[in-house]
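What follows is a single structure, written as structure tokens, with notes after it.
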Amino acid sequence: MNKVSLAPSGLPCIAGSMYEDFGEIRADVTDRLTHAVTDRSVPMHTPVVATADADARVMVLRGVERGGWLLRFHTDARAPKGAAILRGPRIAVLGYDKQAKIQLRMRGRARIERDGARVEEAWAESTNFARRCYLGDAPGQSSPVPTSGLPEAFETSEPADAQLVPARPNFALLMVEVEEIDWFSLAHSGHRRALLTPDEARWIAP
């Protein structure tokens, strides 16, 4: 029998492959992603997000809905990824938990939301210190010197609510509608790999 222990996150840390059932795998995906939203110490809190222009970046996972089939990230509305998504909405999100040896490759379609109840709620939940990022220069803007892009007054200080009014139009959400999850468990006793969609699942060779 395979030995199962708990990692510091409280999620299973598997010695050997214990996954033989699609229900267990779907539960693992949901638990792992949901936990990653609130626990900064787990690796999947900061997955790699790759847009269709072959550009990739590490982003903070801010929200998970529908059991992991809808992911939410915060982004600057002026960032180049927005234009890339308009040209082609295909997107991939990669997360890897080294301790559990679980890899999630998620593929789907992306959209940028600049307005609406979900955006307003996310903005309201952010701290002023985090909101100050959207007062700065647009991501990718050239500079003759090394720069954080932030106004000098807010390099190390938190702006007041009134000072953040110009920042709100620059705040947006990157929403990822996951269409397929490639789930991969590494184990000495034999790797396991499954391809999941919201409605179907099948085993594939690692």
Side-chain angles (χ1 to χ4, degrees), residues 2-51 55-76 79 81 91-110 113 118-119 121-127 129-131 133 139 171-198 201 204 206:
N2 296 313
K3 181 181 179 182
V4 181
S5 58
L6 292 181
S9 66
L11 293 172
C13 180
I14 300 91
S17 177
M18 65 170 288
Y19 295 98
E20 304 289 343
D21 177 82
F22 292 131
E24 291 177 341
I25 292 173
R26 289 185 184 276
D28 177 75
V29 170
T30 300
D31 292 346
R32 205 166 291 282
L33 292 175
T34 302
H35 186 77
V37 171
T38 56
D39 190 343
R40 297 180 180 180
S41 69
V42 300
M44 290 193 188
H45 182 66
T46 50
V48 175
V49 178
T51 41
D55 198 5
R57 74 283 290 161
V58 173
M59 297 185 72
V60 175
L61 182 61
R62 302 288 186 176
V64 173
E65 300 177 31
R66 301 205 301 265
W69 296 101
L70 180 62
L71 309 179
R72 172 168 59 86
F73 301 88
H74 293 181
T75 189
D76 193 308
K81 73 171 76 68
I91 197 164
V93 180
L94 171 65
Y96 180 62
D97 187 326
K98 182 178 181 180
Q99 185 171 15
K101 298 183 180 179
I102 297 289
Q103 175 183 267
L104 299 181
R105 288 192 288 175
M106 296 162 278
R107 293 178 283 268
R109 302 175 70 84
E113 294 186 0
R118 183 159 32 207
V119 182
E121 182 179 355
W123 178 254
E125 291 176 350
S126 300
T127 65
F129 199 74
R131 291 173 182 169
C133 298
F171 176 77
L173 300 182
L174 167 59
M175 304 299 300
V176 176
E177 291 274 358
V178 179
E179 298 173 341
E180 181 180 80
I181 298 176
D182 189 326
W183 176 94
F184 190 16
S185 171
L186 289 85
H188 292 298
S189 59
H191 306 324
R192 291 290 185 272
R193 186 180 176 193
L195 203 60
L196 310 175
T197 70
I204 56 177

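Each residue takes its place number in the sequence, starting with 1.
Looking at Pro47 and Leu94, their side chains never come closer than 4.5 Å, going by heavy atoms from C-beta outward. Considering only heavy atoms from C-beta on, Tyr96 stays 4.5 Å or farther from Ile102 through its side chain. Between Tyr19 and Asp21, every side-chain heavy-atom pair lies at or beyond the 4.5 Å cut-off. Between Val93 and Val48, every side-chain heavy-atom pair lies at or beyond the 4.5 Å cut-off. Contact check for Leu174 versus Val49: side-chain heavy atoms found under the 4.5 Å cut-off. Annotation: side chain of Glu179 is in contact with side chain of Arg109 (closest heavy-atom distance under 4.5 Å). Looking at heavy atoms from C-beta onward, Leu71 lies in side-chain contact with Val178 at the 4.5 angstrom threshold. At a threshold of 4.5 Å between non-hydrogen side-chain atoms, the residues Met106 and Val176 do not count as touching.
Salt bridge status for Arg72 with Glu121: absent, with no side-chain N to carboxylate O gap under 4.0 Å.
For Phe129, there are no ring-ring contact (aromatic ring centres under 6.0 Å, His included) partners two or more places apart in sequence or in a different chain. Among residues two or more places apart in sequence or in another chain, the side-chain contact (heavy atoms from CB on, under 4.5 Å) test is passed with Asp182 by Arg105, Arg107, Arg193, Leu195, Ile204. Here His74 pairs with Phe171 under the ring-ring contact (aromatic ring centres under 6.0 Å, His included) rule; sequence neighbours left out. Judged as a side-chain hydrogen bond (donor to acceptor under 3.5 Å, both in side chains), and not counting sequence neighbours, the contacts of Thr51 are Asp53, Arg57. When the side-chain contact (heavy atoms from CB on, under 4.5 Å) test is applied to Arg26, the partners found at least two apart in sequence or on another chain are Trp69, Leu196, Ala201.
In summary, the side chains of Asp39 and His35 do present a donor paired with an acceptor at a separation below 3.5 Å, with no hydrogens or angles considered. When only modelled atom types and interatomic distance are considered, Lys81 and Thr75 share a side-chain donor-acceptor pair under 3.5 Å.
For the atom pair NZ of Lys98 and CD of Gln103, the computed distance is 14.0 Å after rounding to the nearest 0.5 Å.
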Test salt bridge (charged side-chain N to carboxylate O under 4.0 Å, His left out) on Arg66 and Glu177; report intermediate values, then the result.
CA-CA 10 Å; Arg66 301 205 301 265; Glu177 291 274 358; 2.4 Å; yes
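Of all heavy-atom pairs between Thr30 and Gly67, the closest is OG1-O, 3.0 Å. For the pair Val42 and Ala36, the tightest heavy-atom approach, listed with the atom from each and the gap, is CG2-CA, 3.6 Å. The two atoms that bring Asp97 and Met44 nearest to each other are N-CE, 3.7 Å, heavy atoms only.
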Pairs under 3.5 angstrom only: tabulate donor-acceptor contacts from the side chains of residues 58-65 to other protein residues two or more places apart or in another chain.
| residue | atom | partner | partner atom | Å |
| --- | --- | --- | --- | --- |
| Glu65 | OE1 | Arg118 | NH1 | 3.4 |
| Glu65 | OE2 | Arg118 | NH1 | 3.2 |

